[in-house]
Amino acid sequence: MGVQITLFKALKEAKVSGENAEKVVSELEEYIAMKITEANAELIAEVKSLRTDVATNRWVLGLIGVIIAIGSATGGYIAAV
């Protein structure tokens, strides 16, 4: 919040009206937010991709576990017969 207040005070000292100074500060805040969003877009996409990969790996590991359990049960049955 400090940057906005400093900018607002500087604009007021430069004889910019309060309304126009508020508009400048507001536009600057929006610009910064947009740039942050753009900068983080690639990271957000990567995190979403990793979440999908983790979910897929859970299903694969679960399936492998079921196959091992069935194989163990079948192997035990065959050995007993």
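A quick note: this is a predicted structure, and the numbers were derived from the prediction, not measured.
Other residues, nucleotides and ligands place more than 12 heavy atoms under 6.0 Å from the CD atom of E38. Counting heavy atoms of neighbouring residues, nucleotides and ligands inside a 6.0 Å radius, atom CD of E30 exceeds 12 of them.
Atom OG1 of T74 is separated from atom CD1 of I67 by 11.5 Å, given to the nearest 0.5 angstrom. Going from atom CD1 of I32 over to atom OG1 of T37 covers 11.5 Å, rounded to the nearest 0.5 Å.
Contact of the V24 side chain with the N20 side chain is not registered, since no non-hydrogen atoms from C-beta on lie closer than 4.5 Å.
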Quiz item: Going through the checks in order, is the side-chain contact (heavy atoms from CB on, under 4.5 Å) test met by L28 and L7?
Solution: CA-CA 10 Å; L28 180 61; L7 176 59; 3.4 Å; yes
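We find that E27 and K23 are not joined by a salt bridge, their nearest charged nitrogen and carboxylate oxygen being 4.0 Å or further apart.
Using modelled atom types, no side-chain atom of S26 and backbone atom of E22 make a donor-acceptor pair closer than 3.5 Å.
Across all non-hydrogen atoms, the minimal contact from A21 to K12 is CB-CD, 4.4 Å.
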